[in-house]
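Taking it in order: structure first as structure tokens, then the write-up.
In this text, all values refer to a predicted model and were calculated from it rather than measured experimentally. The sequence lines fix the lettering, A, B, ..., with proteins before strands; numbering per chain opens at 1. These numbers come from the heavy atoms of this one structure, side chains and all, not from hydrogens, waters or symmetry mates.
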Amino acid sequence: MLKDITLGQYYPVKSFVHDLDPRIKIVLTIAFIVAVFLGGSLLGAIPITLFILLAARAANLPVKLLLKGIKPLRLILVFTFLLNLFFTAGDTVLLAVWKVRVTLEGLQTACRFSLRLVFLVTGASILTLTTQPVVLTDGMERLMRPLARIGFPAHELAMMMSIALRFIPTLLEEADKIMKAQMARGADFESGNLLQRAKAMVPLLVPLFVSAFRRAGDLAMAMEARCYHGGQGRTRLRVLKITRKDYIACAAVAALIAVTAVIG
Amino acid sequence: MEDFILEAKNVSYAYEEGEGMALRDVSLAFRRGELTAVLGHNGSGKSTLAKLLNGLYVPTAGTVAVCGMDTALDEHTWEIRQAAGMVFQNPDNQLVASIVRDDVAFGLENIGVPSDEMPGRVEAALRDVGMLDFIDRAPHTLSGGQKQRIAIAGILAMRPKALILDEATAMLDPKGRQEVFSVVERLNREQGITVVWITHFMEEAARCRRVVVMDQGRCVMDGTPGEVFTQSEKLRAMRLDVPPMVALGDLLRARGLKISREAMDVETMAGEVLQCR
Amino acid sequence: MPIKIEHMYHTYQAGSPFQADALEDIDFTIEDGDLLALIGHTGSGKSTLAQHLNGLLTPTAGRVLVDGQDINAKGANRRALRQRVGLLFQYAEYQLFEETVYKDIAFGPRNQGLTGDALDARVRSAFDKVHLPPDALEKSPFELSGGQMRRVALAGVVAMEPEVLVLDEPIAGLDPKGRDELTGIIHELHRGGVTIVLISHNMDDVARIATRVAVLDKGRLAMLGTPREIFSRGDELEAMGLDVPQTVQLCRRLRDGGMDLPDCLTNEELCAAICAAKGGAVHA
């Protein structure tokens with residue numbers, strides 16, 4: 001039923017990339033995305049591909065794992081490819097069948113957009129595969145801290161994210177149990193038309209929400225009892241330090257941006 | 001003056017104005033190093049009492065003091081909650097972080113302990129509850145008893161004077177109950193932490209040095225387990241369990257055997273029965 | 001309607017995010033009129049076994065026969081089967097969802113296709129069996145106390161009039177009064193002719209009300225017998241990390257101390273036995 005959902009895809013090995021400061025990793029991921037958009041031509045795809053392979057190597061990640069991350073996207077990929085292939089205006093006609101024309105420009109755009117999508121997903125998954133979710137939220141909180149001065153709830157947002165991470169497995173397990181309990185009472189989640197199926201979800205969703213609210217109330221009480229009073233005056237267990245490795249990583253990404261900017 | 005860590009004087013509490021009192025005129029004090037069980041039904045006011053003892057609730061009438069600090073005064077709130085730590089019933093609903101290490105540090109982060117001091121305190125607390133090996137695990141992969149021990153470690157890291165456990169074993173299996181009670185008993189013995197152990201289980205209460213029984217918002221019995229459990233009629237009238245050996249003692253005495261009222265566990269009872277003629 | 005479990009195995013896929021317990025070569029029959037207590041350590045496979053009894057889980061190997069019919073055979077109607085074998089999950093109060101207690105109890109029988117007077121009769125009869133205050137019927141289940149909610153959930157399963165009722169730790173988390181009341185209800189249901197499978201950690205209850213006990217250890221059926229037979233093997237139970245009722249412990253201790261006593265399960269029995277052993281020298 002719900003057992004196929006895997007969460008927290010952190011890949012626990014030791015590596016150069018695992019050791020990087022999460023703030024740097026987040027910033028560099030954004031910089032990488034910039035590079036992907038700068039590298040507009042097909043030629044630009046070469047340095048980016050090389051960079052990804054290099055990063056995967058430095059992160060001690062099997063390439064297979066990265067490819068697996070793209071798999072859920074295959075429908076969107078095919079769709080993007082076909083859309084660009086058929087609907088890009090161009091002069092060099094490669095193939096024409098009835099009213100459908102495939103142009104060289106179309107083929108190029110289709111390849112460019114599909115590759116871009118693949119690059120974005122692999123880049124982001126290198127970040128999540130090498131960074132524990134807790135550390136990631138920590139890094140985000142600290143990056144957003146300057147924004148807190150203008151009233152942006154940086155700490156609250158990060159706290160909410162880490163609580164969500166903590167409770168997703170618990171709630172999934174609970175959903176599975178409630179589903180079974182209602183099936184034992186003759187509920188049918190599997191047949192009927194869309195409306196009937198939506199209606200059949202009520203006995204699952206109501207208890208799940210009631211339970212989530214109850215848990216939230218309990219948790220708030222427990223957090224208060226443990227002296228939680230917002231982000232003010234809070235110290236942190238994890239100290240983030242920028243090391244030589246971070247400078248090396250920055251240099252690598254800077255080089256990538258330079259190359260893609262030049263090649264275009 | 002005696003050394004009271006937690007002290008409630010003539011405390012009454014109503015959840016909402018005009019509603020019935022959840023607690024009526026309760027006066028109770030817990031000495032330094034005491035291990036006290038609080039018994040009573042759901043709705044007897046024992047959970048309300050727990051939340052009053054660390055300032056989560058403020059009394060409607062009367063006063064509660066933690067280490068001499070009045071819980072009604074805002075300026076002491078965080079000191080009070082640090083001094084009187086609390087463990088709740090549902091092991092799933094009180095752990096905040098998705099890694100044990102971060103969860104135990106949560107309280108320390110809140111009270112502003114310097115970062116370099118934290119790892120040592122986190123590890124020491126986990127060692128004290130026998131969970132150091134689980135420091136990098138995710139809470140949802142642990143058993144109920146293990147989760148409760150993590151929750152205790154999270155409190156312990158803050159170096160509290162008192163530990164209030166609100167039915168912390170109610171949702172555990174017998175093994176988990178045993179684990180958690182043993183840890184708390186040892187902390188009480190070795191570190192002198194004052195413990196208020198709220199429970200439904202008479203066998204746990206029988207292992208404490210003092211037993212308080214609550215009923216309908218009042219404190220109705222207070223004494224050693226011997227003093228409380230020997231009043232088995234009164235306990236039965238409140239529909240509380242009587243420990244099995246106490247119940248057997250009642251039966252044997254009714255048949256004329258000379259069994260002392262202090263025989264509350266298997267060991268003592270066996271000795272008494274074998275000696276009795 | 002006996003449930004016959006034939007050489008049943010259940011293995012979980014590796015890497016499943018839900019820790020659950022595997023079963024190995026389970027082979028026994030739940031007879032009509034049993035109040036079978038299923039005991040074992042957490043992780044011994046009790047809940048997994050329970051979920052096989054009404055087809056929520058499918059065995060990896062082996063068969064489960066309800067009334068002689070293989071419930072996992074092609075063409076078997078599992079939904080019809082679930083009506084004959086009711087299952088109450090742990091902390092069942094969390095499955096309530098309707099606006100009123102009445103509607104929630106009606107959910108099961110309505111799924112069975114009942115309507116009108118027949119449905120109404122089912123709901124009211126189930127409601128009566130769980131001894132709730134009469135005005136609770138039209139209340140929202142969320143206004144009730146935890147113990148009362150649990151009984152509403154039980155009524156929701158009872159309303160389907162199952163011939164076998166499987167209860168997964170029905171008294172977990174309740175206070176002594178709640179435990180007492182629910183144990184009483186289970187006892188009454190059993191006397192009313194329902195076969196009951198009771199998963200429990202409370203050995204005193206097991207000793208008091210079970211007709212038979214099945215002990216699971218690491219996914220295997222380690223013992224099967226009457227409570228008297230099972231608890232007389234206290235050493236083995238303790239080796240599996242299971243409690244033995246204090247009364248039984250005392251009985252053993254007294255025998256080790258030289259007293260001649262039969263196996264006793266309850267305080268009343270033990271008291272009588274002690275008095276008899278003391279040579280009738282004592283009179284009330």
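No more than 12 heavy atoms of other residues, nucleotides or ligands lie within 6.0 Å of CZ in A:F79, so this atom counts as exposed by the packing criterion. Heavy atoms of other residues, nucleotides or ligands lying less than 6.0 angstrom from CD of C:E138 number more than 12. The local environment of CD in A:E156 is crowded, with over 12 non-hydrogen atoms from other residues, nucleotides or ligands closer than 6.0 Å. Few gaps surround CZ on A:R214; more than 12 heavy atoms of other groups in view lie less than 6.0 Å from it. No more than 12 heavy atoms of other residues, nucleotides or ligands lie within 6.0 Å of CZ in A:F209, so this atom counts as exposed by the packing criterion. Enclosure of atom NZ in C:K218 is not indicated, since only 12 or fewer non-hydrogen atoms of other residues, nucleotides or ligands lie within 6.0 angstrom. For CZ of C:R110, the number of neighbouring non-hydrogen atoms (other residues, nucleotides, ligands) closer than 6.0 Å is 12 at most.
Proximity of a side-chain donor or acceptor of A:Q182 to a complementary backbone N or O of C:Q95 within less than 3.5 Å is detected.
Most heavy-atom pairs under 4.5 Å with chain A, from the set C:L96, C:L88, C:L87: that is C:L96. When the candidates C:Y91, C:F142, C:Y94 are compared by the number of heavy-atom contacts under 4.5 Å with chain A, C:Y94 comes out ahead.
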- Message: The test is side chain to side chain contact (heavy atoms under 4.5 Å, CB included); show your working for A:K180 and C:L57 and say whether it passes.
- Response: CA-CA 10 Å; A:K180 278 183 179 164; C:L57 290 176; 4.0 Å; yes
- Please walk me through it: do C:E93 and A:V210 pass side chain to side chain contact (heavy atoms under 4.5 Å, CB included)? CA-CA 11 Å; C:E93 57 274 30; A:V210 170; over 6 Å; no
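Nearest heavy-atom pair across C:F97 and A:V202 is CD1-CG1, 4.3 Å. Closest approach of A:G186 and C:M160 over heavy atoms only: N-CE, 4.0 Å.
Rounding to the nearest 0.5 Å gives a distance of 11.5 Å between CZ of C:F89 and CZ of A:R185.
Applying a 4.5 Å heavy-atom cutoff, none of the residues of residues 112-126 of chain C approach chain A.
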